Number of protein chains: 2
Amino acid sequence: MPKAQRMAQMLTVAEEIFAEQGYLATSMDEIAERVGVSKPMLYEYFGSKEGLLIGCIHRARTELREKTAAAIAGARSPEEFLRLGLLAFFEFIDEHRRSWALLRQEAAVAVPSAQEEVEGIRQQQTDMIGAVLASFTPDIDPLEAEAFAEIVVGATERLAVWTERRPAVGPALATEYVMAVIWPGVAEKLMKLPAPAPPA
Amino acid sequence: MPKAQRMAQMLTVAEEIFAEQGYLATSMDEIAERVGVSKPMLYEYFGSKEGLLIGCIHRARTELREKTAAAIAGARSPEEFLRLGLLAFFEFIDEHRRSWALLRQEAAVAVPSAQEEVEGIRQQQTDMIGAVLASFTPDIDPLEAEAFAEIVVGATERLAVWTERRPAVGPALATEYVMAVIWPGVAEKLMKLPAPAPPA
DNA sequence: CTCGTAACTTACTTCGAGTAACCTACTGAG
DNA sequence: CTCAGTAGGTTACTCGAAGTAAGTTACGAG
């Protein structure tokens, strides 16, 4: 099997087993066996167990970025922007139920680089939110904009984990909950600032 | 050295080394050496590496619960309640800079029971917030109250991690940021409900 | 048909979690 | 005083899983 295809298959299998059993409890032999290949192939393509985990996270991150970017492309107001971004996120989580929570959690363990990879996901999101705040109200205090973005991301992420235990709460309702709590506060802040410039 | 004292010492050392290097990169031999004792003593008192980690988290959890409970004891309104609770949390984080983020993160790895221990911390907090929402407005939709509590906890936790990278942002400012974003939304929800009952 | 290389394997080494079995020093009862 | 019982401790192992060295097979281009 060609390298690219094999790598994709390995990521899929690894994501599944990591999600099932957790990172620590999973052995490379087990992943190799389920892929139908021997252990050194995993090392050939991913370098280490941690590298394999990072590969999983990186793939998910890329997919999330593309979906979010597509979703918010047509937004005309900060509110619409936030709402569409949140919805895209919750829909992404919904599709990756099995793997999401664990990838997130497990990643923390695998010391430095996986940490960074997961922080990269959050960075994507906080950057996006920080950018919208700044673009609609250029005079906002940068530190405060950053804090707001972190708060929104934290709230969203936590609610995503919560919805795993509450299957009745779908992406749309989750989005409403988050908007209901954060939008009034964000709007209030935006209103207090000098005339918001219209979006590009 | 008596058992209780030795256990406390082990927890202190373990918390420090886990925070420094991460759970995976830390060996039991290393902890034992730094405690000045041999490895089987760690197993005697904590059963496993995971047990030791859980011990660390549990101790932090207890301390956080006590501090938070003391802080909110005199609150007279939902706003004051939230504000005092948030402040207590951020102050706690501030005192445990080194260990906090890592304990939180690392815990995820050690499969089932450490997970539960960390979820226990969050449960404490969501319960507390859910309780105040319910006590001030008994007619709130329970599912929505739960979602609100999760959102507040997620926002707070995320901002706590963020402040580690922003030493200029102390507990008081962090509390203001969180209140600024979430309070208007929460207040709006409370206003819409039938006459709030006064607190006990 | 044979050379080169991409895809793959077997058979190790190493390191760290967890354990069995044994030691030592204090404390309190006769 | 002494000696049994136990709390606190150690040395020296096993075992499983990460990571690696060295070699093997498949197969398309010249």
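All figures in this text were calculated on a predicted structure; none of them were measured in a lab.
Nearest-nucleotide assignment on DNA chain D puts the 5′-proximal partner with R6(B), out of S48(A) and R6(B). Residue order along DNA chain C, read from the 5' end via each residue's closest nucleotide, puts M1(A) first among M1(A) and T26(B). Annotation: of the two residues near DNA chain D, P2(B) and K39(B), the 5′-most nearest-nucleotide partner is P2(B).
Side-chain N/O atoms of K3(B) and base N/O atoms of dG8(D) include no donor-acceptor pair closer than 3.5 Å.
For the pair E44(A) CD and dA6(C) C1', the interatomic distance rounds to 9 Å; values are reported in whole Å. Here dG19(D) presents its P atom at 11 Å from CD1 of I31(A), a figure rounded to the nearest Å. dC12(C) atom P lies 19 Å from atom OH of Y43(A), rounded to whole Å. dT19(C) atom C1' lies 14 Å from atom CG of L42(B), rounded to whole Å. The distance from atom OH of Y45(B) to atom P of dT10(D) is 10 Å, rounded to the nearest whole Å. For K49(A) and dG16(C), the NZ to C1' distance is 13 Å, given to the nearest whole Å. Rounded to an integer number of Å, the gap from CZ of F46(A) to C1' of dC8(C) is 16 Å. In this entry the distance linking CG of D29(B) with C1' of dA12(D) reads 12 Å, nearest Å.
E157(A) and R158(B) are not joined by a salt bridge, as no carboxylate oxygen comes within less than 4.0 angstrom of a charged side-chain nitrogen. For the pair E44(B) and K3(B), the salt-bridge criterion is not met [side-chain N within less than 4.0 Å of a carboxylate O].
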Residue pair L87(B), E91(B): steps toward the side-chain contact (heavy atoms from CB on, under 4.5 Å) verdict: CA-CA 6 Å; L87(B) 187 60; E91(B) 279 172 349; 3.9 Å; yes
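Contact between the side-chain N/O atoms of S27(B) and the OP1/OP2 oxygens of dG16(C) is not found at any separation under 4.0 Å.
Using modelled atom types and a 3.5 Å distance limit, the side chains of R6(A) and Q9(A) yield a donor-acceptor pair.
Atom SG of C56(B) and atom CZ of F46(B) lie 7.5 Å apart (nearest 0.5 Å).
If you check every strand for non-hydrogen atoms under 4.0 Å, M41(A) touches a base.
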